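We count ligands from 1, going down the list as the structure has it; atoms in each ligand are counted the same way. Just so it is clear, the structure is predicted and the values come from calculations on it, not from any experiment.
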Amino acid sequence: MTLVERFLKYVSFDTQSSEETDVTPSTPGQMVFAQYLKEELETLGLQEVSLDDNGYLFATLPANTDAEVPVVGFIAHMDTSPDMSGKHVAPRIVNNYDGTDIVLCEKDNIILSPVQFPELLEHKGEDLIVTDGHTLLGADDKAGIAEIVSAIVYLQEHPEIKHGKIRIGFNPDEEIGLGAHKFDVEKFACDWAYTMDGGEVGELEFENFNAASAKLTFKGRNVHPGYAKNKMINSLRLANRFISFLPGHEAPEHTEGYEGFYHLIGMSGDVEQTTVSYIIRDHDRARFESRKAEMQRLTDLVNAEYGETVVTLELKDQYYNMRQQIEPVMHVIDIAFKAMEEAGVTPHVKAIRGGTDGAQLSFKGLPCPNIFAGGLNFHGRYEFVPVQSMEKAMNVIVKIAELTAARQ
Ligand SMILES: [Zn+2]
């Protein structure tokens, strides 16, 4: 099977994950796909092939050198986004894309156009795999799985390329934030790994937000408004004032790159009691801490003004920037960087404005940056992946294996 054949086979499985269940994997379709992959890996002659009850599939390509080489892992997720159906995906290949509109569905007039998606033009002359306009494609992250399996096959067919032990890991439920959750890092037993789950060619990510949630509860004192003078405390007005103390421009809609923010995500209340929820995000750990401290300072300020506790603050850290876990092992990035260059890809380091499974894995002791898988417009009907981007990702995997061994 070729890389493209493999990809087309994988997207025929409906593996949409769901936030509505509390089992792992969250949907049975993921286990069906995992079983299929398990058989494929066994047929390919991989070793230590294991599929656990939670749907985590691991396998090993043994080293073909006696040298001491670190064990490197490659990870991709089997589920697709709950945002759109991944059932009966009917992909089509647009060969030698000419830069014009692509009609996904003529009947319903669904068009993938470079007017809305100018990134299409970066892939003129390439072969694009698109949807029929009624489902997502599932390149996120089945492109990653196809690339990893194809790279393994390539290494098997080219014994002249010396490599150490390679581990592969396919996990469920990444799209609902639980991919790293039950990932057995000890059993995976790698020195480091890469998730193949980024977008455009060249993407290399090893920074994400530090994240916390903040819940503020404002306590009011309700009195008949006709008799309220010097007695009433209106919790709605307290909350409103508190919100106005925070810098309004430090919000998601006004920030980009490495700029952090306070994001007001909910408020509800009445005169008696109002609750206000924020999420706090910053790549820089010190700035992250000072954002939380500022919330506390304002809380204390308001309480001091009233001489009683009218507002309480609950802060909860959610996740941290994986950079602090990667920095002590920067060769993990150097190797990926060099592998891309040798595969003819210009590396493009980007800070994630969110979290990733790789961040969670990094804090579980497995340094795990993210590399492009090549797909674009994830999670919807306009998702597509250029065949040439998948080939590049596959070549990067092969190069990483080769460079890791050569480095020793
Ligand atoms: Zn993904």
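Excluding waters, the protein N/O/S atoms found under 2.8 Å from the Zn ion (ligand 1) are His77 NE2, Asp140 OD1, Asp197 OD1, Asp197 OD2.
Below 30°, between 30° and 60°, or above 60°: for Tyr194 and Trp192 the angle between ring planes is above 60°, a perpendicular geometry. Aromatic ring orientation, Tyr56 versus Phe183: perpendicular (interplanar angle above 60°, classes split at 30° and 60°).
By the ring pair (Phe, Tyr, Trp, His ring centres under 6.0 Å) test, Phe117 pairs with Tyr382, sequence neighbours left out. Under the ring pair (Phe, Tyr, Trp, His ring centres under 6.0 Å) criterion, Phe363 pairs with Tyr320, not counting sequence neighbours. With sequence neighbours excluded, the residues forming a ring pair (Phe, Tyr, Trp, His ring centres under 6.0 Å) with Phe261 are Phe209, listed by chain and number.
For the pair Lys392 and Phe372, the cation does not sit on the ring face, since its NZ or CZ is not both under 6.0 Å from the ring centre and inside 45° of the axis.
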